[in-house]
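These notes concern the structure reproduced below.
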Amino acid sequence: MAGWKSLKDMTVLSKPLPRLDGPDKVAGQAKYTHDMHPKGLLYAGLLVSPHPAARVVKIDASKVRRLPGVKAVLTDVHPTGTVRYAGEEIAAVAATSPEVLEDALELFEVEYETLPFVADIDSAMQENAPRVFANRPNIRDPRVRGEGDVDAGFARADAVVEGEYRTQVQTHSTLETHGSMVYWEGDELVIYDSTQAVHGVREGVAKFLDMPVNKVRVVCKHMGAGFGSKLQPGRYTAIAARLAKETGAPVKLMLTRKQDFLGGGNRPNSISHVKLAATKDGKLTAFYAKTYGTAGIGTNAGIRLPFIYTIPNWKHEHYDVFTNAGPARAFRAPGCPQASFVMEQLMDELAEKLNMDPLEFRLKNDSNATRQKEWRLGAKKFGWQRRHKKPGADTGRYKRGMGLAASIWWPGGRGTKATMTIYPDGTLDVKCGTQDIGTGTRTYMAMVAAEELDIPMKRIRPMLGDSNFPKSGASGGSTTTPSVGPAIKNTSERAKTKLMDLAAQFLGVPATDLAWDSGTVYMKTNPVKKLTWDELCQLLGTETLEVHGQWVEGLSSRGVAGCQFAEVTVDTWTGQIQVNKIVAVADCGLILNRLTTESQVNGAILQGISYALLEERHMDPETGTMVNANYGDYKILGAKETPAIEVIFYDEPERGVIGIGEPPTIPTNAAIANAVYNATGVRMYELPMTPDRVLTALEAHQFAGKED
Amino acid sequence: MSKQNSSNKISRRSFLKGMGSGILSTATLTTGGLLSKEAAARILGPEGEAIRGRTTITLTVNGRAHRLAVEPRTTLLSALRDRLNLTGPKEGCDRGHCGACTVLMDGKAVLACMTLAVDARGKTITTVEGLAKGDELSPVQKAFVEKDGLMCGFCTPGLVVAATALLQENPNPTLDDIKEGLAGNLCRCGTYPKVFEAVQTAAKSMRKGG
């Protein structure tokens, strides 16, 4: 199997090419699940529990059923009848119009027996707190990891820092909510789903409905983002399928914005009690962390400590805590933005204690060879030497500061299959059962085939987002590109081999006498004897050529480094943090499309800023429900908060394709927090760094200063 | 442990839509504590017919007049998407927070989810589908593609329309003008830097007459 061409020989790959679905998207022609509108469509909706903990005593849907335009009602959609978070599905209805649906949802009469609840982690951890699950304590058994002798490590240290850090619950809040449009063709179910995993949804829904997998087809040509919240099959899909079965009509069921906030997934919070130590020459000796996090009624609220650093002695005890809140789902680099907030600030605190520059301190403790180069490259581009040596050096209302933080991720490729169909007119289809979640998958599928076959992009139709296509995994974990890229390359190579066999037959020579160059097959010994791409394809006559290929070793690898630098201005009167600039150094091996890759890095950084400064799920302790379950009160970064971003790619094409969706969102919050400290001399121990928290911290600092 | 019933609550949607159209339902008026049930019924009829009824209106969208039946509470967004199958404008929040539903009404950017269909009678509506001339994308659309001012693309129709309105009002915007002009459009993928480039590129090409 041949490797990738060298960068200088590439004519299509690694160039900045506009995405192929761009014209459809800017013209409003790209159809999302939300836009599906077949004839006879019924509008379905869910009635969800307003209570965080309750038993459903009775559901009276008689008024709903009597409403003209209501076509089907389901009152058995909750699996147990015991509600554990506000937002769980209780009933569903399908109606002939959005207006009838709206009226119908108001006519359900549900009797609940409400139960005690714990809607936030602090109340859940109290002694005698109500239990989320009657038979299990809220605090789960710890997961303990580590190496070396922590006590000995602390004993031989010259400097120790410790503290408590907190990060918030963040919701994915994708612009297209979760949902499906489904219809039946006989006993076969067709699902249009806003998903990151067409194959996974097919298998999951088949299981929900107890039907054969091959009778379910899942389609997702365009979807309004996922960030990890759409990796799994949704109960709403199975509900829509039941409503469609009962009515014999297509049914669309999209969660409302509020329902999506409540149950559509989130990033767990974290509470970290941590301690880090080093010798006076700046070598880390020990780290200890005791952490808590809530994934609501779910699990896996872990935090990836000790992050990127090599520490000979460390121990991390983590406890998941159940709360009556929607279950967490994988969210862009699970466990990592939390870890960078904690670890990168601890590193800065320790550097200061050792009277060392934060960059120098990192270079001493970062064992990643790529990141060693990236730190230096980024520092130079950013102008790290302009940083105030003394925190809070600016006088007056506005204070500027600089900070940095590291990135890491472990993506890699995995089994993906693809098919290529070549037509006699020289056009071809590339099919793969992956998804384009806004990452440009469709575009680089065509780019890989164009590069390998040396034919124009416009001849190639990339096809994805259909479970009838060859299997590929979920688009998560930054694994899509390192999985799909090699599979398309492998399929293209096999197509080339088959076409060369055809040419050999036609020319009456062994295939070994032939060579491929610029989309043309020619005889090595007599290069005038050749067949162009069009002539080759014409040899197919009236047939098509079907070629199957798959992911193979050697074209991708795993593991990325990366680092970021932030410059901020803090308004010490209002507590407002303004991010002025982010410089990001990112590596992901061979970059397939420089334009869309840059977009992904930008987006990851902006989500990082949003996480750092704005986003937070607020649970009301009285009602146990999320009080800011809308885009007005749940703040997300917009155009005005977008700073200048400079992305520097550290190319490592020799490593093959890797993946970049997640890593650049990890360091941003910590680089900003460190910059805020550099600006003000005040450390922020809690996310998001909202003006109220900044002012409180500034005041506490000022007050402490006066007492000295 | 208490027993609670939840039903028949007035939704924000019907309340807002009632307020927006100047028509209120009996339930809205009484639940909101504005009027007694009797007074509300006297104004609206006992079943709130004034808001529940259907009416046929004409909407001029992308240069074509459409006759369609809507209810007084039907939003312009729902009329476009659910009646006319113009699904370019997206529903991201249904309460004017995200801008994904932005359309032009008499040349001005408006939020279709916060506009009632009946209030759009007699106005000229342009959706994102109406910006291209045949297969020829508008300068703003072309620049969004070229600069990659989109990722998942769900917010893109709203951003493209908002950018179009912005450039009509201010053909030579500064970066800050662009940020201000697009502040009502949420992009969860974080495409803003490329969107800013796209708007600057479009402005340049439009000034040249492109």
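Letters go in sequence order (proteins before strands), and every chain restarts at 1. Note that the structure is predicted; figures quoted are calculated from it, not measured.
Side-chain contact check for A:Thr642 versus B:Pro193: some heavy-atom pair is nearer than 4.5 Å. Contact of the A:Glu598 side chain with the B:Lys194 side chain is registered, since non-hydrogen atoms from C-beta on lie closer than 4.5 Å.
Remark: A:Lys15 NZ is packed, more than 12 non-hydrogen atoms of other residues, nucleotides or ligands lying under 6.0 Å away. Residue-environment remark: NZ (A:Lys221) exceeds the threshold of 12 foreign heavy atoms within 6.0 Å.
In this structure, the portion of A:Thr174 lying under 4.5 Å from any heavy atom of chain B is its backbone and not its side chain. No part of B:Leu131 comes within reach of chain A, as not one of its non-hydrogen atoms sits under 4.5 angstrom from that chain. Looking at A:Lys58, neither its backbone nor its side chain comes within 4.5 Å of chain B, counting heavy atoms on both sides. Heavy atoms closer than 4.5 Å to chain B are found nowhere in A:Thr439, neither backbone nor side chain. Contacts of B:Glu129 with chain A are made by both backbone and side-chain atoms, with heavy-atom separations under 4.5 Å. With a 4.5 angstrom heavy-atom cutoff, A:Gln435 does not touch chain B via any of its atoms.
Chain B forms more heavy-atom pairs under 4.5 Å with one residue of A:Pro23, A:Ser97, A:Pro643 than with any other, namely A:Pro23. Interface remark: of the candidates A:Glu641, A:Lys258, A:His172, A:Met36, A:His172 forms the most heavy-atom pairs closer than 4.5 Å to chain B. Ranked by heavy-atom pairs shorter than 4.5 Å toward chain A, the options B:Gln141, B:Arg188, B:Glu146 are led by B:Arg188. The greatest number of non-hydrogen atom pairs below 4.5 Å with chain B, out of A:Met223, A:Gln29, A:Lys640, A:Gln600, is found for A:Lys640. Comparing A:Gly224, A:Ala27, A:Ala644, A:Gly22 by heavy-atom pairs within less than 4.5 Å of chain B, the highest count is held by A:Ala27. Heavy-atom pairs under 4.5 Å with chain A were tallied for B:Met151, B:Arg83, B:Lys147, B:Lys179; the largest tally goes to B:Met151. When the candidates B:Asp176, B:Val195, B:Asn85 are compared by the number of heavy-atom contacts under 4.5 Å with chain A, B:Asn85 comes out ahead. Your options are B:Cys152, B:Gly190, B:Gly130, B:Ala100, and the one with the most heavy-atom pairs under 4.5 Å with chain A is B:Cys152.
The two residues B:Cys189 and A:Ala225 come nearest to each other via the heavy atoms SG-CB, 4.0 Å. Heavy atoms only, all atoms of each residue included: A:Thr596 and B:Asp148 are closest at CA-OD2, 3.6 Å. The two atoms that bring A:Gly28 and B:Val128 nearest to each other are CA-CG1, 3.6 Å, heavy atoms only. A:Leu175 and B:Leu186 get closest at one heavy-atom pair: CD2-O, 3.5 Å. For the residue pair A:Tyr631 and B:Cys98, the shortest heavy atom distance occurs at CD1-CB, 3.7 Å.
Using a 3.5 Å distance cut-off with no hydrogens or angles, the side chains of A:Lys31 and B:Thr87 do pair a donor with an acceptor.
No side-chain donor-acceptor contact under 3.5 Å links A:Arg257 to the backbone of B:Glu91. The backbone N or O of B:Val145 lies less than 3.5 Å from no partner atom in the side chain of A:Lys25, so there is not a single donor-acceptor pair. Between the side chain of A:Arg19 and the main chain of B:Leu150, a donor-acceptor pair closer than 3.5 Å is present. The closest donor-acceptor contact from the side chain of A:Tyr32 to the backbone of B:Gly153 lies under 3.5 Å. Side chain of A:His34 to main chain of B:Lys90: no donor-acceptor pair is present (N/O by atom type, distance under 3.5 Å, no hydrogens or angles).
The CD atom of A:Glu102 lies 8.5 Å from the CD atom of B:Glu71; values are rounded to the nearest 0.5 Å. Between the NZ atom of A:Lys252 and the CG atom of B:Asp82 there is a distance of 6.0 Å, given to the nearest 0.5 Å. Considering OG1 of A:Thr33 and CZ of B:Phe154, their distance stands at 9.0 Å, rounded to 0.5 Å.
Of the candidates A:Ile645, A:Asn602, A:Leu606, A:Leu606 is the only one forming a side-chain contact (heavy atoms from CB on, under 4.5 Å) with B:Tyr192.
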